[in-house]
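Heads up, the thing below is written out as structure tokens.
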Amino acid sequence: MKPVNVGILGLGTVGGGTVNVLKRNAEEIARRAGRDIVVARASARDLGRSRICDTQGMALTTDPFEIVNDPDIDVIVELIGGCDLAKQLVLTAIANGKQVVTANKALIALHGNEVFAEASRKGVMVLFEAAVAGGIPIIKALREGLAGNRIQWLAGIINGTGNYILSEMRDKGRDFDDVLKEAQALGYAEADPSFDVEGIDAGHKLTILASIAFGIPLQFDKVYTEGISQITRLDVEYAEALGYRIKNLGIARKTETGIELRVHPTLIPKRRLIANVDGVMNAVLVCGDAVGPTLYYGAGAGADPTASAVVADLVDVVRAMTCDPENRVPHLAFQPDAIVDIPVLPVDRIETAYYLRLTAEDKPGVLADVTRILAAHHISIEALIQKEPAKGEIQVPVILLTQRTLEKEMNAAIADIEALATVSGKVARIRMETLG
Ligand code: NDP
Ligand code: HSE
């Protein structure tokens with residue numbers, strides 16, 4: 001059978017890894033796909049740059065539009081990243097009737113509704129396994145493996161760079177900026193690393209997961225995002241002492257009033273498997289009504305692991321190219337006319353438990369004031385620890401763990417606590433989940 005001609009846009013970390021895996025495993029891949037998959041053309045900005053892959057046998061160009069407009073190319077693999085150029089290229093490829101594979105979560109989270117509508121109109125596939133959690137086949141698991149379930153919630157460590165930074169800071173006492181630079185050199189970070197650090201990249205991925213889990217439109221603008229840059233060593237240590245780890249989690253939960261979509265640092269019990277996912281590794285916990293909790297683990301970034309997901313999509317595309325488009329797995333797991341716009345809750349209506357750390361004067365009545373405020377806002381305390389004052393200090397750190405409450409109540413309680421004359425500075429607040 002005639003080989004499938006692939007055009008790869010972008011020969012960086014993921015593009016280079018994809019070429020390497022396709023070459024290294026060509027025989028196994030052809031046995032699975034039923035045809036040879038050949039990278040006929042590829043593009044990059046600077047053709048003089050040294051690459052992690054061998055580009056022999058490919059026609060190279062600096063103009064990716066040449067490739068998406070080439071009638072001899074069957075499948076486009078978009079690995080440039082960003083939204084503007086990538087969207088133009090993907091829509092042009094679709095208009096030209098080509099199949100598309102991408103690792104671009106920003107593109108899917110922000111423009112996926114439009115891209116998939118165009119793809120369905122033209123009867124082509126746009127696959128994006130590599131866009132979430134690197135090498136973990138989480139899209140396939142959710143879209144196909146769990147298709148019999150009503151998904152209740154999912155929670156994941158879905159940014160490798162952020163998890164790498166938190167792990168290195170905790171285990172080796174390393175500096176935030178120093179570890180971030182290393183993650184960039186290893187090819188883990190986004191072109192704009194603030195996306196990794198501020199929870200934006202995880203927000204893109206959560207948008208995609210939630211859409212596939214609940215059959216809702218992609219809506220990144222409704223995701224609450226908070227990064228890891230405010231986490232202090234003190235909180236990491238107190239959390240450990242209390243039996244918790246701090247992980248940056250993306251959480252999507254279906255409740256009776258709507259869907260929670262949030263990315264933020266979270267205290268989770270140390271005994272949970274997911275609390276022990278370190279470095280660039282990712283993990284996603286998915287709870288379905290029939291299956292119960294399931295956990296998916298693997299490398300969340302890097303050349304070969306991400307290429308593993310890109311190539312799996314290529315194999316799927318090749319297998320399904322000749323299928324009737326109506327009989328293919330829908331892009332977002334649910335049939336396009338069955339996607340429902342369930343409301344996404346604003347962050348002040350989410351419900352979770354909290355870790356609070358405040359600095360208070362070490363004198364009688366102060367803790368009573370704090371607990372009275374919490375009670376007035378219907379917040380129950382799970383644990384309260386007052387640390388010893390440092391020598392000569394009259395102020396002490398106080399750590400509180402609360403039971404689940406509405407974020408709105410917690411915001412009001414924190415404002416009242418900060419207004420106490422005996423409490424100085426801001427109250428540090430980290431949300432807490434048991435993931436039971
Ligand atoms: P890189 O920066 O390593 O590679 C980007 C490639 O695109 C480079 O080859 C670059 O050319 C080319 N390129 C960039 N801008 C342009 C442009 N304006 N015109 C033409 N070509 C351009 O990125 P990654 O490989 O890390 O990421 C690619 C995609 O994969 C992104 O969407 C990213 O979010 C996603 N992703 C990345 C993962 C990772 O571990 N790195 C994991 C999962 C997804 P040149 O090399 O000449 O500069
Ligand atoms: N920058 C991303 C991360 C790449 O660190 O997780 C994988 O999507």
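Order of listing sets the numbers, starting from 1, for every ligand and every atom in it. The model shown is predicted, which means the values in this text are computed figures rather than measured ones.
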With no hydrogens and no angle check, do the side chains of Ser43 and Glu66 hold a donor and an acceptor under 3.5 Å apart? no
On the ring face of Tyr244, is Arg431 found with NZ or CZ under 6.0 Å from the centre and within 45° of the axis? no
Taking only non-hydrogen atoms of Leu79 and a 4.0 Å limit, the atoms of ligand 1 in range are 5 (C), 6 (C), 7 (O), 28 (C)
Close-contact set for ligand 2 against Lys205 heavy atoms, below 4.0 Å: 2 (C), 3 (C), 6 (O), 7 (C), 8 (O)
Any N or O of Ser43 that comes nearer than 3.5 Å to an N or O of ligand 1? no
Any donor-acceptor pair under 3.5 Å linking the side-chain atoms of Tyr355 with those of Asp235? yes
Between Lys105 and Glu190, is there a side-chain N and carboxylate O pair less than 4.0 Å apart? yes
Backbone or side-chain N or O of Pro64 under 3.5 Å from ligand 1 N or O: no
Short N/O distance, under 3.5 Å, between Ala130 and ligand 1? no
Answer yes or no: does an N/O atom from Glu190 fall short of 3.5 Å to an N/O atom of ligand 1? yes
So, Asn5 versus Asp72: side-chain donor-acceptor pair below 3.5 Å or not? no
Without swapping roles, check the side chain of Asn276 against the backbone of Arg272 for a donor-acceptor pair under 3.5 Å. yes
Polar contacts were defined as any N/O atom of the residue lying under 3.5 Å from an N/O atom of the ligand; does this apply to Ala301 and ligand 1? no
Identify which of Gly16, Ala299, Gly81, Gly10 has a heavy atom lying nearest to atom 31 (C) of ligand 1. Gly81
Under 3.5 Å: N/O of Val14 near N/O of ligand 1: yes
Side chain Thr266, main chain Asn248, donor-acceptor under 3.5 Å: no
Looking only at side-chain N and O atoms, does Lys181 offer a donor or acceptor that is under 3.5 Å from a partner on Gln184? no
Do ligand 2 and Gly160 have nitrogen or oxygen atoms that lie under 3.5 Å from each other? yes
Pick from Asn104, Leu186, Thr306: the one approaching atom 43 (C) of ligand 1 most closely through a non-hydrogen atom: Thr306
Regarding ligand 1, does Lys105 bring an N or O atom to under 3.5 Å of one of the ligand's N or O atoms? yes
Side chain, backbone, both or neither: which applies to Ala133 and ligand 2 if a contact is any heavy-atom pair less than 4.0 Å apart? neither
State if Gly300 counts as touching ligand 2 under the rule of any non-hydrogen atom under 4.0 Å. yes
From atom 48 (O) of ligand 1, work out which of His204, Arg49, Arg51, Glu78 has a heavy atom at the shortest distance. Arg49
Tyr164 versus Glu182, side-chain donor and acceptor atoms under 3.5 Å: yes
At a non-hydrogen distance cut-off of under 4.0 Å, which region of Thr161 contacts ligand 2 (side chain, backbone, both, or neither)? both
Would one find an N or O of Lys105, backbone or side chain, under 3.5 Å from an N or O of ligand 2? yes
Within reach of ligand 1, part of Leu85 (heavy-atom separation under 4.0 Å): side chain
Please verify whether a non-hydrogen atom of Ala191 lies at under 4.0 Å from ligand 1. no
Hey, looking at atom 2 (C) of ligand 2, which of Gln184, Glu190, His204 has the closest heavy atom? Glu190
Ligand-side contact atoms (ligand 1) for residue partner Asp46, heavy atom cut-off under 4.0 Å: 47 (O)
Between ligand 1 and Gly134, can you find any atom pair, the residue atom being a heavy atom, that is separated by under 4.0 Å? no
